[in-house]
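Heads up, the thing below is written out as structure tokens.
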Amino acid sequence: MQPTVTNSDSGTSTVTDWDPDRYAQHARFVSDYGRSLIDWLQPQPGERILDLGCGDGVLTATLKDLGCRVVGVDASARQVDAARRKGLTALVCNGEDLPFSRQFDAVFSNAALHWMRRPDAVLAGVSRSLKSKGRFVAEFGGAGNVAAITNALRQSLKTRGYNFEQLSPWYFPEPEEYGQKLKGAGFDILAIEKYPRPTPLPSDIIGWLETFAQSFTIGWSPADRTALFSDVREQLRPQLCSAEGQWTADYVRLRFVAVKQK
Ligand code: BEZ
């Protein structure tokens, strides 16, 4: 399978090949959990909304069904195709280089910002995209997100001579750090919170690793990738797998509502 350059569960600066079928099988929970973020957005019929890192467009479609005029953007052409097949307006676009100017009432983003390693560039683009007093409502991984998984990956990569930090595509900030960035980009913060959200997985942790951690093994042989992920699984089994075989990922979310000052 050909890697595509950049994006999220999707939006950016790493190499992940988002296969919509694999995503639907191993990651449908991402949009299922994202529905509660729509309550934070309080979308009004007729509002123009940008869905940043729209993936295959499940939440974009929900916003459209609520009467919003919504545009989805994602760095993955395959995910954008999947969104368009749902009848949505969607564009291939790097979240760190948004091309819009003062045209949206709100920017909405679920489970995408942690793939964007240049948050200041993202925030400058979001601010440019919004009208005066426009809302930015988002949820993504906060500090400590998937800590057990990252520790196991770090250890297994290290024994093979690789450095986790150099390879990691993920950005998981503390609310204080991200809040400062929001203020620096001209936003007032109405709410910001970090909370643990242990997330039962629909399959074995290998399915999660193959979906979300593939960029650590770009260029590896299938045998080496399988060996790495098997090592990681055995490290994680005591912490993340129940006696009944249910895997649960140690997610920590950061969510916020911010308003562009002018
Ligand atoms: C997350 O949604 O928190 C996440 C997704 C993929 C990799 C790491 C974290």
Side-chain angles (χ1 to χ4, degrees), residues 3-4 6-20 22-37 40 51-56 58-59 74-76 78-79 95 108-117 119 122 137-154 156-157 164-175 177-178 192-218 225 228-229 232-233 235-236 239-240 247-256:
T4 52
T6 79
N7 64 48
S8 74
D9 325 351
S10 314
T12 72
S13 50
T14 53
V15 179
T16 297
D17 177 26
W18 293 105
D19 171 351
R22 181 160 63 183
Y23 193 83
Q25 187 186 349
H26 295 292
R28 180 50 60 224
F29 64 85
V30 173
S31 52
D32 291 347
Y33 278 106
R35 277 173 213 286
S36 67
L37 189 63
W40 280 44
D51 184 357
L52 171 55
C54 65
D56 61 4
V58 168
L59 294 177
D74 201 285
S76 163
R78 298 180 76 186
Q79 292 281 56
F108 173 84
S109 183
N110 178 56
L113 298 177
H114 48 240
W115 295 99
M116 304 181 199
R117 298 290 309 254
V122 175
V137 177
E139 175 168 313
F140 65 115
N145 191 38
V146 290
I149 298 175
T150 55
N151 286 339
L153 265 171
R154 183 180 289 106
S156 294
L157 286 164
F164 172 89
E165 273 66 33
Q166 281 173 4
L167 295 173
S168 175
W170 303 326
Y171 170 63
F172 302 138
E174 291 286 359
E177 175 190 331
Y178 205 76
I192 188 163
E193 68 177 29
K194 188 176 87 158
Y195 65 100
R197 197 202 67 202
T199 300
L201 300 179
S203 59
D204 190 277
I205 191 77
I206 296 286
W208 189 96
L209 292 165
E210 285 174 345
T211 307
F212 293 115
Q214 43 175 290
S215 67
F216 289 95
T217 61
I218 296 298
R225 180 179 307 120
L228 175 81
F229 289 165
V232 171
R233 172 172 56 183
Q235 281 191 70
L236 289 173
Q239 287 165 274
L240 300 186
W247 285 88
T248 299
D250 52 340
Y251 277 31
V252 173
R253 313 320 280 168
L254 178 58
R255 61 163 64 178
F256 62 84

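Both ligands and their constituent atoms are indexed starting at 1 by order of listing.
- Remark: R28 engages D56 in a salt bridge (Lys or Arg N to Asp or Glu O under 4.0 Å) (not counting sequence neighbours).
- Although no hydrogens or angles enter the test, the distance criterion places a donor-acceptor pair under 3.5 Å between the side chain of T150 and the main chain of V146.
- Legend: residues meeting side chain to side chain contact (heavy atoms under 4.5 Å, CB included) with R225, ordered by chain and number and at least two apart, are T217, F229.
- Between F29 and Y33, the two ring planes are perpendicular [angle over 60°; tilted spans 30° to 60°].
- The N/O atoms of W170, backbone and side chain alike, include none that comes under 3.5 Å of an N/O atom in ligand 1.
- Under 4.0 Å from ligand 1, the heavy atoms of Y251 that appear belong solely to its side chain.
- The side chain of W208, and not its backbone, has at least one atom closer than 4.0 Å to an atom of ligand 1 (non-hydrogen atoms only; side chain from C-beta on).
- The proximity of F172 to ligand 1, defined as any non-hydrogen pair under 4.0 Å, is limited to the side chain.
- Every atom of ligand 1 with a heavy atom of W115 under 4.0 Å away is listed here by number and element: 6 (C), 7 (C).
- Ring pair Y178/Y171 is tilted by interplanar angle, where 30° to 60° counts as tilted.
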